[in-house]
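Quantities reported herein were computed from a predicted structural model and do not represent experimental measurements. Scope of the values below: all heavy atoms of this structure, side chains included, with no hydrogens, waters or symmetry mates.
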Amino acid sequence: MPATTAFQFDNTYARELQGFHAPWKPASVPTPQLLYFNRDLADELGLDGALLDSPEGAAVLGGNVLPEGAEPIAQVYAGHQFGNFSRQLGDGRALLLGEVVDRLGRRRDIAFKGSGATPFSRGGDGKAAVGPMLREVLIGEGMHALGIPTTRALAVTATGEQVRRERLLPGAVLTRVAASHLRVGTFEFFSSRQELERVRQLADYAIARHDPDLVGTPERFLALLRRVAGRQSALIAQWMNVGFIHGVMNTDNMTISGETIDYGPCAFMEAYDPQAVFSSIDKNGRYAYGNQPLIARWNLARLAEALLPLMVEDDSDEAVEAAVAQATEVIDAVPGLYQAALLQGQRVKLGLTTEDDALDAGLADRWLTLLHTQGVDFTLGWRRLAEAAEGDDAPLLDLVKDPEALQAWLGAWRERCAREDGGVPSASVARAARLRRTNPWVIPRNHLVEEALAAATEGDLAPFKRLLDAVRRPFDAESTAQARFAEPAPSEVTACYQTFCGT
Ligand code: AMP
Ligand code: MG
């Protein structure tokens with residue numbers, strides 16, 4: 001069986017949404033070679049991994065040979081970028097090859113990124129470099145291992161071609177798997193052109209795909225908005241609880257599915273600081289760590305505007321007012337949804353299994369204040385609660401400048417835990433185990449990601465493979481062999497660390 005038959009495509013987007021995309025072909029590349037192939041993901045997708053993980057597969061995954069059943073298209077979208085509306089964006093260097101239904105019955109997009117210029121490239125070359133595509137692998141797999149909804153990398157194929165950035169870099173094509181590539185910006189594209197019927201078609205498509213229980217229901221467009229608001233609130237809360245900074249939360253990078261998408265200038269925070277921002281293009285800190293919940297709400301308000309005409313029952317002023325009021329209510333509920341999801345996550349991260357509405361939010365807030373004022377590494381600070389639960393505060397004390405402030409907080413935490421435990425002696429052992437399952441030891445640390453990508457760019461994939469292996473097991477027992485993956489960067493490095501969108 002040839003690799004070209006590896007996918008069982010069923011392409012609803014191409015078929016049902018005429019006028020929402022341009023049929024296009026991937027560019028041919030000189031010498032496609034697989035740098036990375038995700039066998040487990042291939043298996044999950046019901047693909048024959050062995051067939052694709054081969055030179056023949058590389059020809060498919062590099063774009064030279066179209067797999068059977070693929071109908072490659074460039075999707076159109078618009079988007080608010082750093083707050084400014086761009087009415088014409090779209091896949092400028094990506095192509096949706098098609099959709100497959102995975103082993104669990106979930107429809108997943110198979111798409112290329114870096115497969116050459118399209119009608120939406122706006123002067124860009126449509127290409128991608130090895131470093132940024134392997135970055136999608138490292139961060140995406142790290143997020144997945146942390147239990148955070150994300151698009152995933154099936155493959156990265158070196159093209160054998162050089163791409164021109166600040167300097168010449170080896171080129172690559174990413175094969176990305178997503179629940180869909182529907183974005184807030186996809187809706188904005190048609191709504192900004194007053195193409196109301198297309199907005200409706202798109203919304204019904206999104207509902208069928210992501211919220212099938214709403215199909216055909218009378219208030220489904222409002223319900224869709226509510227669902228997306230719920231998914232995004234939960235997602236951002238998860239980001240915040242692992243210190244993830246997306247870096248470019250434009251509306252074209254916000255999915256309807258609730259998956260994290262587009263790992264460009266993203267970074268994990270080290271010392272806890274709500275104002276942390278790493279992206280070199282984010283001059284005003286719009287997408288700083290602490291702003292992410294606000295930006296999510298702002299983006300959801302753009303989705304609400306796009307969907308609003310669909311919610312209006314007739315032309316009367318009353319109907320318009322009613323729709324506006326309902327959509328506004330959904331958007332106004334976002335901070336509450338987010339706070340609830342955040343607090344729920346924080347409780348788990350504090351090792352709590354019960355809810356105390358009078359105490360928990362304050363306990364979590366004071367903990368974060370402590371991490372902030374003491375300059376504690378966000379990941380290790382949480383992780384060291386496991387030893388503290390076992391009665392050993394020393395590892396946590398090692399991370400702070402002011403032991404008294406920490407002791408005071410630990411006292412309050414222990415009281416809260418004791419109330420929950422009701423004197424059961426084994427409770428602290430169980431708590432420590434839970435804490436180690438929820439607070440990662442290893443995250444994709446920025447300096448290690450950079451180190452791995454720099455080596456890969458020079459042709460040495462060993463550091464990338466080692467780091468990938470580590471970030472896929474974030475909660476593993478701590479070992480001296482893996483210790484370097486858990487250590488924060490030297491503070492001099494973090495102080496001037498910047499991520500670039502030059503992808
Ligand atoms: P991103 O920042 O990756 O989310 O991309 C924003 C927009 O710029 C999208 O419409 C991309 O397709 C487009 N884009 C980014 N890089 C390139 C490139 N090298 N060539 C063409 N279009 C690009
Ligand atoms: Mg994007």
Novice: With a 3.5 Å cut-off and no angle check, do the side chains of E420 and T353 form a donor-acceptor pair?
Specialist: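 Per modelled atom types, E420 and T353 side chains form a pair under 3.5 Å.
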Novice: Does some side-chain heavy atom of I256 sit less than 4.5 Å from a side-chain heavy atom of L303?
Specialist: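 They are in contact (side-chain heavy atoms under 4.5 Å apart), so the answer is yes.
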Novice: Using a 6.0 Å cut-off, check whether atom CG of D314 has over 12 heavy atoms from anything other than its own residue.
Specialist: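 Yes, enclosed.
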Novice: On a heavy-atom basis, which atom in D204 and which in R220 lie closest, and how many Å separate them?
Specialist: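 Here D204 and R220 meet closest at OD1-NE, 2.7 Å.
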Novice: Looking at residues at least two apart in the chain, or sitting in another chain, which of them share a side chain to side chain donor-acceptor pair (under 3.5 Å) with W382?
Specialist: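 Partners of W382 under the side chain to side chain donor-acceptor pair (under 3.5 Å) test: none.
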Novice: Do Q75 and T186 have a side chain donor and acceptor closer than 3.5 Å?
Specialist: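 No donor-acceptor contact under 3.5 Å links the two side chains.
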Novice: Are the side chain of R431 and the backbone of G351 linked by a donor-acceptor contact shorter than 3.5 Å?
Specialist: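 Yes.
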Novice: Counting distance only, does the side-chain N/O of E141 pair as donor-acceptor with the main-chain N or O of L468 below 3.5 Å?
Specialist: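 Not at all, since once roles are kept as given, no pair shorter than 3.5 Å links the two residues.
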Novice: Do the side-chain N and O atoms of R347 and Q344 include a donor-acceptor pair separated by under 3.5 angstrom?
Specialist: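 Their side chains do contain a donor-acceptor pair, which is all the 3.5 Å distance test asks for.
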Novice: Please determine whether salt bridge (Lys or Arg N to Asp or Glu O under 4.0 Å) holds for the pair R472 and D40, giving the CA-CA distance in whole Å, both sets of side-chain angles, and the decisive distance to 0.1 Å.
Specialist: CA-CA 12 Å; R472 278 180 165 159; D40 290 341; 6.0 Å; no
Novice: Thinking salt bridges, do K113 and D262 make one under a 4.0 Å N-O criterion?
Specialist: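 Looking at D262 together with K113, the answer is yes, because their closest N to O distance falls below 4.0 Å.
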Novice: Check whether the side chains of T354 and R416 place a donor and an acceptor atom closer than 3.5 Å, and report yes or no.
Specialist: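 Side-chain D/A pair, T354 to R416: present.
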Novice: Could you go through residues 98-109 and list every donor-acceptor pair under 3.5 Å that involves a side-chain atom there, pairing it with any protein atom two or more places apart or in another chain?
Specialist:
unit_1 : atom_1 : unit_2 : atom_2 : d
E99    : OE1    : T12    : N      : 2.9
E99    : OE1    : T12    : OG1    : 2.5
E99    : OE1    : R107   : NH1    : 3.0
E99    : OE2    : T12    : N      : 3.2
E99    : OE2    : T12    : OG1    : 3.2
E99    : OE2    : Y13    : N      : 2.8
D102   : OD1    : L104   : N      : 2.8
D102   : OD1    : G105   : N      : 3.0
D102   : OD1    : R106   : N      : 2.8
D102   : OD2    : R106   : NE     : 2.8
D102   : OD2    : R106   : NH2    : 3.0
D102   : OD2    : R108   : NH1    : 2.9
R103   : NE     : D43    : O      : 2.6
R103   : NH2    : D43    : OD1    : 3.2
R106   : NH2    : E44    : OE2    : 3.2
R107   : NH1    : D10    : O      : 2.8
R107   : NH1    : D10    : OD2    : 3.1
R107   : NH2    : D10    : OD2    : 2.8
R108   : NH1    : E44    : OE2    : 2.8
R108   : NH2    : E44    : OE2    : 3.4
D109   : OD1    : R209   : NH1    : 3.3
D109   : OD1    : R209   : NH2    : 2.7
D109   : OD2    : H181   : N      : 3.0
D109   : OD2    : H181   : ND1    : 2.8

Novice: Check whether any side-chain heavy atom of T260 lies under 4.5 Å from a side-chain heavy atom of Q238, and answer yes or no.
Specialist: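 No, side chains not in contact.
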Novice: In a check of side chain to side chain contact (heavy atoms under 4.5 Å, CB included) between D360 and each of D365, L350, L343, which one passes?
Specialist: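 Testing each of D365, L350, L343 against D360, the sole residue satisfying side chain to side chain contact (heavy atoms under 4.5 Å, CB included) is L343.
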Novice: Students often mix this up, so state it plainly: with edges at 30° and 60°, are the rings of F20 and F190 parallel, tilted or perpendicular?
Specialist: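 Judged by the thresholds at 30° and 60°, the geometry between F20 and F190 is tilted.
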Novice: Return the OH to NE2 distance between Y205 and H210, rounded to the nearest 0.5 Å.
Specialist: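 Answer for the OH-NE2 pair, Y205 versus H210, is 7.5 Å.
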Novice: Judged by atom type as modelled, is there a donor-acceptor pair below 3.5 Å linking the side chain of Y287 to the main-chain atoms of F82?
Specialist: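 It does hold such a pair.
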Novice: Can you name the side chain to side chain donor-acceptor pair (under 3.5 Å) partners of E68, sequence neighbours left out?
Specialist: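 E68: no side chain to side chain donor-acceptor pair (under 3.5 Å) contacts found.
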Novice: Partners of E270 by side chain to side chain donor-acceptor pair (under 3.5 Å), sequence neighbours excluded?
Specialist: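 For E270, the residues satisfying side chain to side chain donor-acceptor pair (under 3.5 Å) (neighbours in sequence not counted) are R445, T494.
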Novice: Exactly one of R183, R87, R302 should register a side chain to side chain contact (heavy atoms under 4.5 Å, CB included) with E188. Which one does?
Specialist: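 Single pass found, and it is R302.
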Novice: Using modelled atom types and a 3.5 Å cut-off, is there a donor and acceptor pairing between side-chain atoms of S257 and backbone atoms of A179?
Specialist: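 Flag not set: sc S257 to bb A179 has no pair under 3.5 Å.
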Novice: Taking side chain as C-beta onward, heavy atoms only, is M133 less than 4.5 Å from R176?
Specialist: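 No - every pair of side-chain heavy atoms lies 4.5 Å or more apart.
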Novice: Please check if the side chain of H246 supplies one atom and the backbone of G264 the other of a donor-acceptor pair under 3.5 Å.
Specialist: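 No.
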Novice: Is a donor on one side and an acceptor on the other found under 3.5 Å between the side chain of D211 and the backbone of A206?
Specialist: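 Here the side-chain-to-backbone pair does not exist.
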Novice: With no hydrogens and no angle check, is any side-chain donor or acceptor of Q232 less than 3.5 Å from a backbone partner on T255?
Specialist: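 Such a contact is found between Q232 side chain and T255 backbone.
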Novice: Minimum heavy-atom separation for T251 and G79, please, with both atom names.
Specialist: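 Distance-wise, the nearest heavy atoms are OG1-CA, 3.2 Å.
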Novice: Angle class for the F9/F7 ring planes (parallel below 30°, perpendicular above 60°, tilted otherwise)?
Specialist: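 Ring orientation, 0 to 90° scale: parallel.
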Novice: How far apart are the closest heavy atoms of G247 and D282, and which atoms are they?
Specialist: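 Minimum heavy-atom contact is O-OD2, 4.4 Å.
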Novice: Could R93 and D125 be called an ion pair, given the rule that one side-chain N must be under 4.0 Å from one carboxylate O?
Specialist: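 The answer is no: the pair does not qualify as a salt bridge.
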Novice: Show the nearest heavy-atom pair for residues A3 and L52, with the distance to one decimal.
Specialist: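 Closest heavy-atom pair between A3 and L52: O-CD2, 4.1 Å.
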Novice: Do T4 side-chain atoms and P67 backbone N/O form a donor-acceptor pair below 3.5 Å?
Specialist: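 Answer holds: no.
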Novice: Short question: side chain of D421, backbone of A427 - any donor-acceptor pair under 3.5 Å?
Specialist: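 The answer is no, because no donor-acceptor pair under 3.5 Å joins these two groups.
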Novice: So which of V442, L138, L453 actually passes side chain to side chain contact (heavy atoms under 4.5 Å, CB included) with L467?
Specialist: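 It is L138, the one option of V442, L138, L453 that forms the side chain to side chain contact (heavy atoms under 4.5 Å, CB included) with L467.
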Novice: Would you give the length of the straight line joining atom CG of D91 to atom OG of S115, rounded to the nearest 0.5 angstrom?
Specialist: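 If we round to the nearest 0.5 Å, D91:CG and S115:OG are 8.5 Å apart.
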Novice: Take atom CD in E16; do more than 12 heavy atoms of anything else shown fall under 6.0 Å from it?
Specialist: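 More than 12 within 6.0 Å, yes.
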Novice: Which residue is it: S191, P309, S192? I am looking for the one with a side chain to side chain contact (heavy atoms under 4.5 Å, CB included) to V199.
Specialist: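 Among S191, P309, S192, the one meeting side chain to side chain contact (heavy atoms under 4.5 Å, CB included) with V199 is S191.
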Novice: What donor-acceptor contacts under 3.5 angstrom involve side-chain atoms of residues 324-334, with partners at least two apart or in another chain?
Specialist:
unit_1 : atom_1 : unit_2 : atom_2 : d
T328   : OG1    : V324   : O      : 2.5
D332   : OD1    : R297   : NH2    : 2.6

Novice: What class does the angle between the rings of F85 and H80 fall in, given that below 30° is parallel, 30 to 60° is tilted and above 60° is perpendicular?
Specialist: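 Taking H80 first and then F85, their aromatic rings sit tilted (interplane angle of 30° to 60°).
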Novice: Does a side-chain heavy-atom distance below 4.5 Å link F112 with L97?
Specialist: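 Yes, their side chains come closer than 4.5 Å.
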Novice: Quick one, N250 and D252 - any side-chain contact, counting heavy atoms below 4.5 Å?
Specialist: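 SC-SC contact between N250 and D252 confirmed.
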Novice: For Q339, check side chain to side chain donor-acceptor pair (under 3.5 Å) against everything at least two apart and list the hits.
Specialist: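 For Q339, no residue satisfies side chain to side chain donor-acceptor pair (under 3.5 Å) once neighbours in sequence are set aside.
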Novice: Would you find a donor on one side and an acceptor on the other, under 3.5 Å apart, between the side chain of E136 and the backbone of L174?
Specialist: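 Looks like no, no N/O pair under 3.5 Å.
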Novice: Taking the cut-offs as 6.0 angstrom to the six-membered ring centre and 45 degrees off its axis, would you call R193 and F189 a cation-pi pair?
Specialist: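 Verdict for F189: a cation-pi partner in R193.
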